[in-house]
Every structure is written in structure tokens, then in C-alpha cells.
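Each chain gets a letter, A, B and so on, in the order its sequence line appears, and its residues count up from 1.
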There are 2 protein chains.
Amino acid sequence: MESAAALKTVDKKVNDTAEQLLDATASLLSERPTIDVSLSDIAKRGNLNSALIKYYFGNKMGLLLALLERDAVSSMKSLKHLVDMQLPATQKLKIHISGIINAFHRSPYLNRLIHYVVESGDQKSSDRVGEIYVGPMLAAYQQIVAQGVREGSFRWVDSKFLYYSLVGACDHIFYASYAGKLTGGFDDRNLNDDVKQLYIEHVQKMCLDGLMLRD
Amino acid sequence: MESAAALKTVDKKVNDTAEQLLDATASLLSERPTIDVSLSDIAKRGNLNSALIKYYFGNKMGLLLALLERDAVSSMKSLKHLVDMQLPATQKLKIHISGIINAFHRSPYLNRLIHYVVESGDQKSSDRVGEIYVGPMLAAYQQIVAQGVREGSFRWVDSKFLYYSLVGACDHIFYASYAGKLTGGFDDRNLNDDVKQLYIEHVQKMCLDGLMLRD
């Protein structure tokens with residue numbers, strides 16, 4: 001019993017250190033407009049030795065992917081939960097839209113990080129992003145569209161196309177921060193809660209009205 | 001007269017060389033999934049010395065910006081022409097949507113390049129992208145929305161929000177090529193004319209239905 005308990009303590013320490021490195025990375029990335037962050041900056045922020053990053057994650061890409069995986073596990077769990085709820089499809093889609101925009105708002109580095117990993121030219125990492133985010137989302141979209149059509153509220157729509165157009169709409173206000181700078185509007189660092197809420201309502205209305213059958 | 005003609009010939013040669021370098025860059029970028037292209041590759045493709053790039057554009061960022069500027073001048077001219085036409089706002093918006101998606105399809109590197117310049121962290125270049133693309137587009141959106149409201153076809157909508165959601169929707173099918181790879185669907189290199197046309201119709205319907213007043 002004692003050795004099992006001791007092992008558990010060691011395991012917990014290992015996990016804590018890895019989590020601490022992921023937290024430090026998330027915290028640094030949230031402050032910066034780019035993914036340009038060094039291993040030594042991360043180690044410094046986490047009060048840990050940068051050799052630990054290599055030990056736990058292999059390299060910077062491994063660390064970034066682990067950060068995405070941690071986020072994806074929790075996001076995709078919520079999405080599955082939403083799809084399984086006893087709610088009309090229209091309501092599910094509204095909640096989902098607000099969920100994506102809130103997630104990007106909470107962690108503005110998320111979509112930059114996805115773009116970065118995909119653009120790195122590292123096919124394996126890029127495929128992994130597809131597996132953890134896109135696959136589950138496409139499956140959820142298919143179910144929500146099918147439900148909406150059954151309920152007589154949605155016209156039929158290609159769920160892949162819905163995915164591209166909806167995620168693109170949610171992503172772009174954060175990604176295209178240059179537009180905010182130019183227009184004296186907002187960028188991903190000063191897009192405040194009020195603007196975020198108005199944008200959620202805008203995308204919900206465009207998307208729902210765009211999908212709903214007309215009388 | 002003779003010297004003026006000679007000067008004109010020299011000017012034309014200068015422009016031809018710069019244009020040739022821009023063409024070579026566009027051609028190379030169209031073939032690659034990233035912006036990772038070297039000055040010597042560009043020079044080789046254009047059958048020119050790479051010192052000419054420094055001579056005409058200063059550095060790689062200068063060259064990439066010049067390529068964007070060349071595209072923006074022609075795209076924004078078409079957009080202005082569209083806004084000034086004697087057509088209902090609904091029709092203008094449909095044509096505009098098809099214009100954006102066709103432009104990205106024709107030059108898949110365009111949005112990658114915009115993202116690249118903006119993310120470079122070079123504030124001056126990033127501001128310039130805002131000036132050449134975002135400013136004119138926002139102005140056009142304001143006019144089209146105002147016209148649609150006057151004509152009784154559109155509800156009022158924040159034209160900035162319309163810009164983010166619509167450009168995001170048009171952009172994402174090209175940018176998120178990882179999703180295509182995963183789903184065995186299409187990416188920016190094999191998104192064929194039929195799929196492109198179906199996607200144009202999808203975004204047009206979502207956007208128009210999303211904007212139009214309901215009876």
C-alpha cells in the first residue's frame with residue numbers, strides 16, 4: 001500500500017510538472033500576438049528548467065500539440081454533451097456558436113496555434129490537429145443538421161460546408177486583428193466582453209436565419 | 001523626344017523586371033502549402049539575379065507586400081465598381097461573395113500571405129495590409145448594407161461584424177486545409193471547380209438568408 005501511494009505521489013508530481021509547463025505556455029501565448037515564444041521563456045514563466053520540456057514533450061512542437069490536445073479533450077467533451085442533450089437543434093447550434101466564440105475569447109492563442117501547427121509543414125502534427133478537432137466537430141455538425149431537418153426547422157445543408165463557414169466566421173474576428181487596429185475598433189487583445197457578446201448574437205442570427213426553413 | 005522615348009523604354013524594363021519577380025513569387029507560392037519561400041528560389045524561377053529583389057523591394061517582406069498591393073489594387077477596383085453599379089444590394093452581395101471565393105481559389109496563397117504578413121509582428125506591414133484591404137472593404141460593406149436597408153431587403157447589421165463573419169466564412173475553406181485532409185475531402189490544392197461553386201452557393205444562401213428581412 002505504501003509503495004502504491006508513493007508511486008501515485010510520483011505520478012502526480014510528473015503530471016503537475018507537465019501541467020505547469022502547459023499552463024506557463026498558455027499564459028505566455030495569451031499575452032503575445034504571435035506564437036513566437038522560446039522554450040527558455042516558457043521555462044522561466046513556469047519556474048522550471050527548460051530541459052524538462054524536452055523530457056516531457058520532446059520539443060516545442062510536442063509541447064504546443066500537448067497544449068492543443070488538452071484543450072481539445074475538454075472542448076470536444078462539452079460538444080458531445082451538447083449534442084446528446086434533449087434540446088431542439090436550433091438551440092444546440094446557438095449554444096455551440098457561443099461556445100466557440102467564448103473559447104477563442106478565453107484563449108485567444110488557440111486558433112493562432114492551430115494555424116501555426118498546420119502551417120508548420122509537419123504533416124503528422126497537422127493530421128493530429130485534424131483528428132482532435134475537426135473529426136469530432138464534423139460528426140457533431142452532421143448530427144445537429146440531421147436533427148434540425150427532422151424537426152422541420154433547418155433546410156438540408158452540407159455539414160462540411162456549415163463547418164467551414166461557421167468556424168471561419170467565429171475565428172476571423174480574433175484572427176484578423178489587423179482589421180481592428182485599422183478601424184480603431186478592436187483586436188484580439190481588446191475585444192471586450194460587450195463586443196464579444198454582440199458578435200455572438202450576430203453570428204447566431206446570421207447562421208440560424210441562414211439555415212432555417214422559410215414559411 | 002528621343003530621350004523621352006528612351007527613358008520610357010528604361011522605365012518599362014524596370015517595371016517588367018519588378019513584375020517578373022512578382023509573377024515568379026506568385027507562381028512559387030501557389031505551388032506550396034506555406035509561405036516558406038527563399039529569395040534564391042524566387043530569383044531562380046524568374047530567371048533573374050536575387051540581388052534584383054533587394055534592389056526593387058528591399059527585402060522579402062517588401063516583395064511580399066508588393067505582391068499583396070498589386071492584388072489589392074485590382075481587387076478593390078472591382079469592388080468599387082460593383083458598389084457603384086445599378087443593382088439591388090442583394091445582387092451586389094452575391095457577386096461579392098463569389099468574387100472573394102474565386103479570388104482565393106485563383107490565388108490560394110493570398111490569405112496565407114495576408115496572415116503571414118500580419119503575424120510577422122512587423123507593425124508597419126501589418127498596418128499596410130489593413131489600409132489596402134480592410135479599409136476599402138469595410139467602406140464597401142457599409143454602403144451595401146445601407147442600400148439593402150433602404151431597399152427594404154436587409155435588416156440593419158453592423159457592417160464590421162458582417163465583414164468578419166463573411167470574409168471568415170470565405171477564407172476558412174482554403175485556410176483550414178487540414179480539415180480536408182482528415183475528412184478525405186478537399187484542401188486548397190484539390191478544391192476543384194465544382195466544390196468551389198457549391199461552396200459559393202452555400203455562403204451566398206447562408207449570408208443572404210441571414211441578412212434578409214423575414215415576412
Side-chain angles (χ1 to χ4, degrees), chain A residues 32-36 112 114-121 123 126-127 129-131 133-135 137-138 155 157-158 160-183 185-186 195 198-199 201-203 205-212 214-215, chain B residues 32-36 112 114-121 123 126-127 129-131 133-135 137-138 155 157-158 160-183 185-186 195 198-199 201-203 205-212 214-215:
Chain A
R32 299 185 179 191
T34 70
I35 300 294
D36 192 19
R112 268 199 302 270
I114 293 174
H115 289 301
Y116 175 84
V117 172
V118 170
E119 275 180 72
S120 68
Q123 193 59 50
S126 165
D127 287 348
V129 169
E131 276 163 35
Y133 278 108
V134 190
M137 284 184 81
L138 282 178
R155 63 187 170 87
V157 66
D158 185 319
K160 252 188 223 173
F161 282 0
L162 182 64
Y163 169 84
Y164 286 121
S165 51
L166 185 51
V167 174
C170 294
D171 174 297
H172 211 64
I173 195 169
F174 296 95
Y175 205 72
S177 56
Y178 56 88
K181 283 173 202 151
L182 172 78
T183 56
F186 35 84
V195 174
L198 287 172
Y199 193 64
E201 287 160 21
H202 165 78
V203 177
K205 183 146 181 65
M206 290 286 289
C207 181
L208 269 290
D209 279 8
L211 275 181
M212 282 167 84
R214 298 192 164 238
D215 302 325
Chain B
R32 301 187 177 190
T34 69
I35 299 295
D36 193 19
R112 268 200 301 271
I114 294 175
H115 288 301
Y116 174 84
V117 171
V118 170
E119 276 181 69
S120 68
Q123 192 61 48
S126 164
D127 286 349
V129 169
E131 276 165 35
Y133 278 108
V134 190
M137 285 184 80
L138 283 177
R155 63 188 168 86
V157 66
D158 185 319
K160 252 189 222 175
F161 282 0
L162 181 64
Y163 168 84
Y164 287 121
S165 50
L166 185 51
V167 174
C170 295
D171 172 297
H172 211 63
I173 195 169
F174 296 96
Y175 204 72
S177 56
Y178 57 88
K181 283 174 203 152
L182 173 78
T183 57
F186 34 83
V195 174
L198 287 172
Y199 193 64
E201 287 160 22
H202 165 78
V203 177
K205 181 141 183 70
M206 290 285 291
C207 182
L208 269 291
D209 279 8
L211 274 181
M212 281 167 83
R214 297 192 165 240
D215 302 326

With side chain to side chain contact (heavy atoms under 4.5 Å, CB included) as the criterion, how do A:Lys205 and B:Val157 come out once you've worked through the C-alpha distance, each side chain's angles and the decisive distance to 0.1 Å?
CA-CA 10 Å; A:Lys205 183 146 181 65; B:Val157 66; over 6 Å; no
Top residue by heavy-atom pair count (under 4.5 Å) with chain B, among A:Leu162, A:Val203, A:Leu208?
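The candidate making the most pairs under 4.5 Å is A:Leu162.
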Find out whether A:Lys160 and B:Ile173 are in side-chain contact, i.e. whether some heavy atom of one side chain is under 4.5 Å from a heavy atom of the other.
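No. Closest side-chain heavy atoms not under 4.5 Å.
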Atom pair [atom1] ([X]) and [atom2] ([Y]), whose distance is rounded to the nearest 0.5 Å:
| X | Y | atom1 | atom2 | answer |
| --- | --- | --- | --- | --- |
| B:His172 | A:Leu166 | NE2 | CG | 9.5 Å |
| A:Glu201 | B:Asp158 | CD | CG | 12.0 Å |
| B:Asp209 | A:Leu211 | CG | CG | 9.0 Å |

Side chain, backbone, both or neither: which part of A:Met212 has a heavy atom under 4.5 Å from chain B?
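The answer is both parts of A:Met212.
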At a 4.5 Å cut-off on heavy atoms, which part of A:Cys170 comes close to chain B: side chain, backbone, both, or neither?
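For A:Cys170, neither part sits under 4.5 Å from chain B.
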B:His202 vs A:Phe161 aromatic rings, parallel, tilted or perpendicular, using cut-offs 30° and 60°?
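Aromatic pair B:His202/A:Phe161 classed tilted.
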Using every non-hydrogen atom in the two residues, find where B:Ala169 and A:Ser165 come nearest and quote the distance to one decimal.
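Heavy-atom minimum between the residues: CB-O, 3.6 Å.
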